[in-house]
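As structure tokens, the structure follows; a few thoughts come after it.
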Amino acid sequence: MKRLPKHVAIIMDGNGRWANEQGQDRLYGHYHGVISVRKVVEAATEIGIQYLTLYAFSTENWDRPEAEVTGLMTLFVETIAKEVPDLHKNNIKLAFIGNLDMLPNEAKKALADATQTTAQNTGLTLIIALSYSGRWELVEAAKSIAQKVANGALLVNDINETVFAENLTTCAFPDPELMIRTSGECRISNFLLYQLAYAELIFTETRWPEFRKEHLIQALLEYQSRERRFGKTSAQIQQI
Ligand code: FPP
């Protein structure tokens with residue numbers, strides 16, 4: 001418990017393949033994925049993780065067949081509306097990152113309501129990445145910094161890593177120390193490109209609809225068995 005990551009980020013992958021393996025439609029997989037979201041949020045709260053980021057929809061996912069995109073948007077709106085009272089009761093604070101302007105109005109409203117209702121909560125911060133991509137975020141940060149320089153609010157020489165991070169959508173959260181991707185794909189897929197610089201990456205074969213508390217614990221144990229050197233030598237780390 002002493003070496004828990006503060007922030008865990010998860011790429012929830014494999015819903016479609018899991019559904020196909022059951023002889024079902026891809027949306028069936030996404031609906032089952034929501035059960036895993038609930039289980040993992042419960043487990044993270046119980047274990048004492050402070051920040052949990054879930055990659056729910058990438059900017060690239062807009063190019064999926066229209067029926068799947070519409071189905072996912074409906075699922076997000078329904079799930080958020082249904083789960084907010086329970087999340088609120090459990091002191092969980094909800095936050096959303098991504099190009100939220102692209103979302104349908106109904107989804108925008110559900111997100112704004114959920115954020116407002118849970119804003120004062122002090123337990124787990126649950127960050128949902130929706131219509132998110134790391135490159136989009138980096139370009140937006142560059143634009144916002146350029147704007148501040150153009151306005152005279154910032155000097156070029158004052159731009160450093162701290163200033164850059166302050167212009168990201170994740171400015172209120174620490175960087176994840178652990179990133180988990182389910183379903184056997186070993187890629188980052190445009191997720192938190194700046195923030196994952198020193199994260200431990202864990203790839204598991206488990207499809208997201210089957211991911212449960214024990215899989216999270218397994219990943220945490222694997223994380224704790226690794227030596228995080230941040231570019232230093234092993235001897236230097238052991239002296240600290
Ligand atoms: C990736 O599996 C999953 C998604 C694109 C959607 C994830 C969404 C959920 C689990 C619902 C979560 C709901 C909330 C409110 C956070 P995939 O479709 O890429 O699967 P595949 O790689 O097997 O095709």
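We count residues from 1, following the sequence as given. Both ligands and their constituent atoms are indexed starting at 1 by order of listing.
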Polar contacts were defined as any N/O atom of the residue lying under 3.5 Å from an N/O atom of the ligand; does this apply to [X] and ligand 1?
X: Trp208; value: no
X: Thr79; value: no
X: Trp18; value: no
X: Ile80; value: no

**Prompt:** Can any side-chain N or O of Thr118 pair as donor or acceptor with the backbone N or O of Asn121 at less than 3.5 Å?
**Reply:** no
**Asked** Is a side-chain N or O of Ser133 found less than 3.5 angstrom from the main chain of Trp136, in a donor-acceptor match?
**Response** yes
Among all protein heavy atoms, pick the one closest to [atom] and tell me residue, atom and distance.
atom: atom 20 (O) of ligand 1; answer: Gly16 N, 3.0 Å
atom: atom 3 (C) of ligand 1; answer: Met12 O, 3.2 Å
atom: atom 9 (C) of ligand 1; answer: Asn15 ND2, 3.9 Å
atom: atom 12 (C) of ligand 1; answer: Val37 CG2, 3.9 Å

**Prompt:** Between CG of Asn90 and CD of Glu42, what distance do you get to the nearest 0.5 Å?
**Reply:** 8.0 Å
**Prompt:** Taking the inter-plane angle between the rings of Phe173 and His7 on a 0 to 90° scale, is it parallel (under 30°), tilted (30 to 60°) or perpendicular (over 60°)?
**Reply:** perpendicular
**Message:** Check the orientation of Trp18 and His32. Use parallel for under 30°, tilted for 30 to 60°, and perpendicular for over 60°.
**Reply:** tilted
Measuring from the heavy atoms of [X], does anything fall under 4.0 Å of ligand 1?
X: Glu83; value: no
X: Asp13; value: yes
X: Arg207; value: no
X: Phe57; value: no
X: Ala56; value: yes

**Asked** Near Asn61, which atoms of ligand 1 are under 4.0 Å from a heavy atom of that residue?
**Response** 5 (C)
**Subset of ligand 1 atoms that lie under 4.0 Å from at least one heavy atom of Arg64** = 5 (C), 17 (P), 18 (O), 19 (O)
**Exercise: identify the closest heavy-atom pair between Leu193 and Tyr132** = N-OH, 4.4 Å
**Asked** Under 4.0 Å from ligand 1, counting heavy atoms only, is it the side chain of Glu185, its backbone, both or neither?
**Response** neither
**Message:** Are more than 12 heavy atoms, taken from residues, nucleotides or ligands other than Gln147, located less than 6.0 Å from that residue's CD atom?
**Reply:** no
**Prompt:** How about Lys148: does its NZ atom have over 12 heavy atoms from other parts shown lying under 6.0 Å from it?
**Reply:** yes
